[in-house]
Enquirer: 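Please see the structure below; I have some questions.
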Amino acid sequence: MASATASIPSHTIVSRDRKATQIGAVRHVNLVSSISQSTSARRLTVGPLHALEPGKRAEAVVAPTAVSNGAVIQVEKRVEEVAAGPVDYEKLAAQLENASPLEIMDKALKMFGNDIAIAFSGAEDVALIEYAKLTGRPFRVFSLDTGRLNPETYQFFDQVEKRYNIHIEYMFPDAGEVQALVRQKGLFSFYEDGHQECCRIRKVRPLRRALSGLRAWITGQRKDQSPGTRAHIPIVQVDPSFEGISGGAGSLIKWNPVANVDGKDIWNFLRTMDVPVNSLHSQGYVSIGCEPCTRPVLPGQHEREGRWWWEDAKAKECGLHKGNISQEEKAGVNGNGSASTVNGTPDIFETKNIVNLSRVGIENLLRLEQRAESWIVVLYAPWCQFCQGMEASYVELAEKLSGSGVKVAKFRADEDDQRQFATEELQLGTFPTILLFPKRASRPIKYPSEKRDVDSLLAFINALR
């Protein structure tokens, strides 16, 4: 990420001598006495996520002490913060690299007060709300209601509001844009021409409106969620895609408190704190989005494989976090969404029981009409999270088949002209593709299922040996 800095005011304080629209309840802090004009300290009215009628409170601000009706919420720089100057967020991210999510959350809320909000999707990112509550600081929560969420997700929103005594600030898509899309292309156009257009209308534009009233936001992104697009997200960054309340590049800060936390540790935290979770999780859903675009994951699949499963693996982002995809990766992405190379990605399926086939090797295997042994071969790309998700089961399969008369192999099909060859000659559609080369058959047989657990793969092999 290119170096960028931005000046930030301190958290909000309460001014008792003016009246204006009430934004929400915040915790009282002591006023800084006698700030001189030379400090250039400014008073700024805090903007909500969306416009409020006079006398109404912002919906998801939580604080130990409420403010009376009609109170004005203002931002006032403290002398020491004015003197400190701009914040180097790359340096701050490095300083927080080993900090706990609770420490990071506390830092974010302390720095931005009422000008920061948690983005809540209705999944395991409820952990962010629990961390915010544990800091004891006021916090705001917003969510994008696309109009196509699962009923269980709406029920979960209600649970969360009651548990934390908050009102989530819901953002909705523009009704006219949704109507035009559906009338022109139908309700399920994303199955035919990709999800980006629908997500842009139902998610990205409402998010842009939400963020335009903030100076910072908090997300539940984790590095292990999507190795293809989220492997290098920092703890805190200048948002590369959206603008904040002051407008322009560098006007919005993005916090990712659980970036370095494994998914299993998030779930251990939720269980330990007895936090309510979306009931879809118990039905096999891991990554949860809109109902038509989300499904349970199968054994051996990566969690993001439950999203937009009809598309290829590389850039499975709806647009909310498109800044995760580097310019190099964008340049290497073809029409089906996969990149030719990704620097620094280690190889997978590394074990003595799996044969690493070269182009010549798989061409020879393809030409043979009578083979000494049957072969099971995975066509893969090491950056593909779905390939990574099946690595453990494929390695276990190789161990079980060792000495059985079935060879287990891999062929990397994303480099240079390998993809075209694999598409034309090896039935490659998306990664991973699994082929069985029977002992006495000339053409390979493509594994038809998306179940990539050991038992399912063994059943396929034994049925055709």
Side-chain angles (χ1 to χ4, degrees), residues 1 49 60 89-90 92-93 96-97 99-109 111-112 115-133 135 139-146 153 157 160 166 168-171 199 203-245 250-263 265-266 269-270 275 278 286-289 303-304 307 315-325:
M1 183 180 71
L49 286 177
Y89 286 98
E90 286 188 350
L92 180 59
L96 295 173
E97 185 65 22
S100 69
L102 183 60
E103 293 175 277
I104 298 166
M105 180 66 73
D106 186 69
K107 181 75 171 179
L109 296 178
M111 288 179 68
F112 289 94
D115 282 345
I116 190 171
I118 297 168
F120 178 45
S121 71
E124 79 277 6
D125 53 354
V126 66
L128 297 174
I129 301 177
E130 181 69 15
Y131 282 124
K133 186 202 76 170
T135 68
F139 62 93
R140 301 170 68 177
V141 180
F142 75 93
S143 188
L144 307 177
D145 185 348
T146 65
T153 299
F157 285 151
V160 170
I166 63 174
I168 298 170
E169 300 178 52
Y170 297 103
M171 300 300 295
C199 285
K203 299 176 74 173
V204 178
R205 288 172 184 166
L207 176 66
R208 183 173 287 113
R209 293 200 312 271
L211 298 179
S212 67
L214 297 170
R215 291 190 298 119
W217 63 309
I218 301 169
T219 86
Q221 290 189 105
R222 304 192 320 272
K223 291 178 180 177
D224 69 338
Q225 284 175 324
S226 185
T229 61
R230 299 186 178 184
H232 305 293
I233 54 174
I235 295 296
V236 60
Q237 63 187 131
V238 175
D239 196 300
S241 303
F242 296 98
E243 298 179 3
I245 193 169
S251 60
L252 185 71
I253 305 303
K254 185 176 184 179
W255 291 80
N256 308 299
V258 294
N260 295 329
V261 182
D262 290 338
D265 292 325
I266 290 289
F269 172 73
L270 294 175
V275 175
N278 195 320
V286 182
S287 179
I288 298 173
E303 66 177 80
R304 294 291 284 184
R307 304 288 294 279
K316 287 212 172 188
E317 295 287 357
C318 59
L320 305 188
H321 305 295
K322 63 182 179 180
N324 296 338
I325 305 174

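Both backbone and side-chain heavy atoms feed into the values below; hydrogens, waters and symmetry mates do not. Being a predicted model, the structure only gives us computed values, none of them experimental.
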Enquirer: For a 4.5 angstrom cut-off between non-hydrogen side-chain atoms, does Glu97 reach Asn260?
Expert: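 Glu97 vs Asn260: side chains touch.
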Enquirer: The test is side chain to side chain contact (heavy atoms under 4.5 Å, CB included); show your working for Ile129 and Phe139 and say whether it passes.
Expert: CA-CA 9 Å; Ile129 301 177; Phe139 62 93; 3.9 Å; yes
Enquirer: At what distance, to the nearest 0.5 angstrom, does CD1 of Ile218 lie from CG of Asn256?
Expert: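 Answer for the CD1-CG pair, Ile218 versus Asn256, is 10.0 Å.
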Enquirer: Let me confirm one number: the CG-NZ distance from Leu128 to Lys133, rounded to the nearest 0.5 Å.
Expert: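 Separation between the atoms: 14.0 Å.
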Enquirer: Pro101 versus Val261: any side-chain heavy-atom pair under 4.5 Å?
Expert: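 Yes - at least one pair of side-chain heavy atoms lies under 4.5 Å apart.
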Enquirer: Find the distance between CD1 (Ile118) and OG (Ser143) and round it off to the nearest 0.5 Å.
Expert: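 Spacing of CD1 (Ile118) from OG (Ser143) equals 12.0 Å.
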Enquirer: Rounded at 0.5 Å granularity, tell me how far CE in Met111 sits from CD1 in Ile116.
Expert: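 It is 8.5 Å, given to the nearest 0.5 Å.
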Enquirer: Below 4.5 Å, heavy atoms only, C-beta onward: do Lys223 and Ile233 meet side chain to side chain?
Expert: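 Yes, their side chains come closer than 4.5 Å.
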Enquirer: Minimum heavy-atom separation for Trp217 to Asp239, with atom names?
Expert: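 Looking at all heavy atoms of both residues, the shortest contact is NE1-OD2, 2.8 Å.
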Enquirer: What I'd like to find out is whether the side chain of Met171 reaches to under 4.5 Å of the side chain of Lys203, using heavy atoms alone.
Expert: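 Of all side-chain heavy-atom pairs linking Lys203 with Met171, none is under 4.5 Å.
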Enquirer: For Phe269 and Leu102, what are the C-alpha separation, side-chain angles and deciding distance, and is it a side chain to side chain contact (heavy atoms under 4.5 Å, CB included)?
Expert: CA-CA 11 Å; Phe269 172 73; Leu102 183 60; over 6 Å; no
Enquirer: Work out which heavy atom in Ser251 is nearest to a heavy atom in Gly244; give both atom names and the distance.
Expert: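 Closest approach of Ser251 to Gly244, heavy atoms only: OG-N, 2.8 Å.
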Enquirer: Less than 4.5 Å apart, any side-chain heavy atom of Leu207 and any of Phe142?
Expert: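 Yes, at least one pair of side-chain atoms sits under 4.5 Å.
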Enquirer: Checking side chain to side chain contact (heavy atoms under 4.5 Å, CB included) against Val160, which of Val126, Val275, Val141 comes through?
Expert: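 Exactly one option meets the side chain to side chain contact (heavy atoms under 4.5 Å, CB included) with Val160, and it is Val126.
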Enquirer: Show the nearest heavy-atom pair for residues Pro257 and Ile104, with the distance to one decimal.
Expert: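 Result for this residue pair: O-CD1, 3.6 Å.
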Enquirer: Using the rule given for salt bridge (charged side-chain N to carboxylate O under 4.0 Å, His left out), can you reason through Arg215 versus Glu243, listing the C-alpha separation, both sets of side-chain angles and the distance that settles it, and then say yes or no?
Expert: CA-CA 8 Å; Arg215 291 190 298 119; Glu243 298 179 3; over 6 Å; no
Enquirer: Evaluate the side-chain proximity of Leu214 to Phe112: yes if any heavy-atom separation is below 4.5 Å, no if none is.
Expert: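 Of all side-chain heavy-atom pairs linking Leu214 with Phe112, none is under 4.5 Å.
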Enquirer: Under the side-chain contact (heavy atoms from CB on, under 4.5 Å) rule, collect the residues that match up with Asp106, sequence neighbours excluded.
Expert: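 Listed in chain order: Thr135, Arg137.
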Enquirer: CH2 of Trp255 to CG of Leu96: how many Å apart, nearest 0.5 Å?
Expert: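 Interatomic distance, Trp255 CH2 to Leu96 CG, rounded to 0.5 Å: 6.0 Å.
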Enquirer: Show the numbers, then the answer: is there a side chain to side chain contact (heavy atoms under 4.5 Å, CB included) between Gln237 and Ile253?
Expert: CA-CA 6 Å; Gln237 63 187 131; Ile253 305 303; over 6 Å; no
Enquirer: Rounded to the nearest 0.5 Å, how far does CD1 of Ile266 lie from CD of Glu130?
Expert: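 That separation rounds to 11.5 Å.
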Enquirer: Report yes if some heavy atom in the side chain of Arg208 is under 4.5 Å from a heavy atom in the side chain of Phe242; otherwise report no.
Expert: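 In short, these two side chains touch, coming nearer than 4.5 Å.
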Enquirer: Determine whether Lys254 and Val238 make a side-chain contact, defined as any pair of heavy atoms from C-beta on separated by less than 4.5 Å.
Expert: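 Lys254 vs Val238: side chains apart.
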Enquirer: Give me the atom names and distance for the closest heavy-atom approach of Thr153 to Gly122.
Expert: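 Scanning both residues, the minimum pair turns out to be CG2-CA, 4.3 Å.
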Enquirer: Give the minimum heavy-atom separation between Ile235 and Ala259, together with the two atoms involved.
Expert: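 For Ile235 versus Ala259, the nearest heavy atoms are CD1-CB, 4.1 Å.
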Enquirer: What orientation do Phe120 and Phe157 show, parallel under 30°, tilted 30 to 60°, or perpendicular over 60°?
Expert: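 Answer is perpendicular, since the angle exceeds 60°.
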Enquirer: Not counting sequence neighbours, which residues clear side-chain hydrogen bond (donor to acceptor under 3.5 Å, both in side chains) with Glu103? List them please.
Expert: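 Listed in chain order: Ser100.
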